[in-house]
2 protein chains.
Amino acid sequence: MIVADGRQAMYRKVAAELRQGIADGAYGSGGRLPAEAALAQTYGVSRGTIRQALALLRADGLVTSRRGTRRVVLGTARVQTFSETVSFTRWARSLGEEPGGRVVDVVRRPADEVEREKLRLAEGEEVCMVLRVRTLSGAPVMVERSVYPRHIGEIVAQLDPAAVSHTVPLEEQGVQFTDVHHTIDVTFADADDADLLGCGIGDALLRERRHSTDPAGTPVEWSEDRYLPGTVAFTVHNSSATTGLSRRTTI
Amino acid sequence: MIVADGRQAMYRKVAAELRQGIADGAYGSGGRLPAEAALAQTYGVSRGTIRQALALLRADGLVTSRRGTRRVVLGTARVQTFSETVSFTRWARSLGEEPGGRVVDVVRRPADEVEREKLRLAEGEEVCMVLRVRTLSGAPVMVERSVYPRHIGEIVAQLDPAAVSHTVPLEEQGVQFTDVHHTIDVTFADADDADLLGCGIGDALLRERRHSTDPAGTPVEWSEDRYLPGTVAFTVHNSSATTGLSRRTTI
DNA sequence: CGCGTCGAGTTGTACAGCCAACCTGGCCAC
DNA sequence: GTGGCCAGGTTGGCTGTACAACTCGACGCG
């Protein structure tokens, strides 16, 4: 039985418990979960709440579900939450790596055409571009070029240049990244990339372009990250209806 | 008002209608959706059903949602359904490209260690490996190495070597790919890749490794696809809770 | 003019119930 | 043995209700 503390929805707490149970191997891999009705009774909630919790696990690819038979455990829990997939810092820490980096450049300038479309700005409005190198345990792995609309850029520009994370302070200032659209492909290093990552000009890099909006649907960031090959891989899960993204290291 | 025909769940039909409405610009980009209660009335269903429909749209990144205010339209509809993200053939067709390809090699052999783990096989069990080149409008863009457990491999091996799609006939045989886990990174062309794709040995390729299971949680495919840079990009969307994957061309 | 308060509107969470669709295993007839 | 049938168990789909949490504009006060 779980007690409501009002700070987190019941179904999320139930989901967390189930996730833990799966990670502990309480049901075995390929094993079966108890029926929804049974779970409802043991957790002292209604079946609807259990179904909400299970929908979260299903979106993470932890369990299957189909009509007529009990849910099957697909794999062990991935620790990463959504926020870790957006924040390089938290993601790295969750892997036991020590994230680092430095701000190479901060530029304020009028938005170009692509930026105006992505950030939904009018002609002539300014953006703030931050160029950073990011490291894992000291070794450079990624170049990040983030473009922010002005009001957010102000916050970023005033951060300690040595700050490891920009996401955390931004969230503390009330900036939320709730909807993120990623595009992943391959590109090739330009002179700056080569210099910052210590690779050759023209070497292949794994590119992630990221477009984030806040809960109101207002664009808050447009970023292009370039990773050295072999340092990270992106993992995505999708079921027939819902899916989940995470990032993992390949070092 | 939508009529139930019993072949598709109401909430999916409502979702499809809303998707269409968004694509048609009925609500405008950045505009607001009607309230759940209003939608429930216009479609003649309960609010719960509307919420199920909206959950689908949210997972696709089409709308935001937060407490206290109406949903905001984030972007226009992406046509691609989940199945298109798994089937190269359907994906290509949905873009107006003509997919093609040829089977280069079919091998039956004992599963190696990785394959045994991915397909959950016992030592000594055989797998069927299919090596294919896939083309878009005639140009080779991808090398696919798919490994199937025996009983599925039998079906694949008996397909017409000129068959464009393997997924479609497999589904007709009752093989379903409901849960798919993707890993995306960069790798480098070996001699076979270079030969088949017409690139140089050691050239960078975008790699997608794919692990699919059926509704019962049984592994059905373990595949490694290698794309020429610049031909495709993977796009992923995630909201705080749910996410959606699609693939798009960059040609 | 700026500021806080208030209230209507809206989504989130949770409960209870009902039936349909479907899977599984056991039983029975052949 | 083999195949079909049936009953029980289980999830999917849908409805209805209630309240909590939150947003945002209107309004009034200083």
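Values reported hereafter were calculated over all heavy atoms of this structure, with side chains retained and with hydrogens, waters and symmetry mates removed. Numbered from 1 within each chain, the chains take letters A, B, ... in sequence-line order. Since the structure is predicted, the reported quantities are computational estimates derived from the model, not experimental observations.
Under 4.0 angstrom from either OP1 or OP2 of D:dT15 there lies no side-chain N or O belonging to B:Arg47. Checking the phosphate oxygens (OP1, OP2) of D:dT15, a side-chain nitrogen or oxygen of B:Thr49 falls inside 4.0 Å.
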When you compare the protein's N or O atoms with those of nucleotides 7-10 of chain C, which come within less than 3.5 Å of each other, and at what distance?
{"unit_1": "C:dG9", "atom_1": "N2", "unit_2": "B:Gly68", "atom_2": "O", "d": "2.9"}
{"unit_1": "C:dT10", "atom_1": "OP1", "unit_2": "B:Arg70", "atom_2": "NH1", "d": "2.7"}

Close N or O pairs between protein and nucleotides 3-6 of chain C (under 3.5 Å):
none

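Residue B:Arg66 is the one, among A:Arg32 and B:Arg66, whose nearest nucleotide of DNA chain C lies closer to the 5' end (criterion: closest heavy atom). The residue among A:Ser65 and B:Ile50 whose nearest nucleotide of DNA chain D lies closer to the 5′ end is A:Ser65.
To the nearest 0.5 Å, the span separating CD on A:Gln52 from CE on A:Met10 amounts to 11.0 Å.
With hydrogens and angles disregarded, no donor-acceptor distance shorter than 3.5 Å links the side chain of A:Asp24 to the backbone of A:Ala26. At least one donor-acceptor pair closer than 3.5 Å links the side chain of B:Thr64 to the backbone N or O of B:Val72. Looking only at distances, a side-chain donor or acceptor of A:His211 sits under 3.5 Å from a matching main-chain atom of A:Lys118. In terms of modelled atom types and a separation under 3.5 Å, the side chain of A:Arg70 and the main chain of A:Leu33 share a donor-acceptor contact. In this structure a side-chain-to-backbone donor-acceptor pair under 3.5 Å is present from A:Arg134 to A:Val164.
For the pair A:Arg12 CZ and C:dT13 P, the interatomic distance rounds to 6 Å; values are reported in whole Å. In this entry the distance linking CD of A:Gln52 with P of C:dG12 reads 10 Å, nearest Å. Rounded to an integer number of Å, the gap from B:Tyr11 OH to C:dA20 C1' is 14 Å. In this entry the distance linking CE of B:Met10 with C1' of C:dC19 reads 16 Å, nearest Å. Taking atom CG on B:Leu33 and atom P on C:dT11, their separation rounds to 9 Å, with Å as the unit. Regarding B:Gln41, its CD atom lies at a distance of 12 Å from the P atom of D:dG16, rounded to whole Å. Atom CD in A:Gln8 sits about 15 Å away from atom P in D:dA21, given to the nearest Å.
Under a 4.0 Å N-O distance rule, the pair B:Glu144/B:Arg132 qualifies as a salt bridge. One finds no salt bridge joining A:Arg145 and A:Glu224 here, because no Lys/Arg side-chain nitrogen approaches an Asp/Glu carboxylate oxygen to under 4.0 Å.
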Verify side-chain hydrogen bond (donor to acceptor under 3.5 Å, both in side chains) between A:Asp60 and A:His237, making sure each step is shown before the conclusion.
CA-CA 7 Å; A:Asp60 283 351; A:His237 174 272; over 6 Å; no

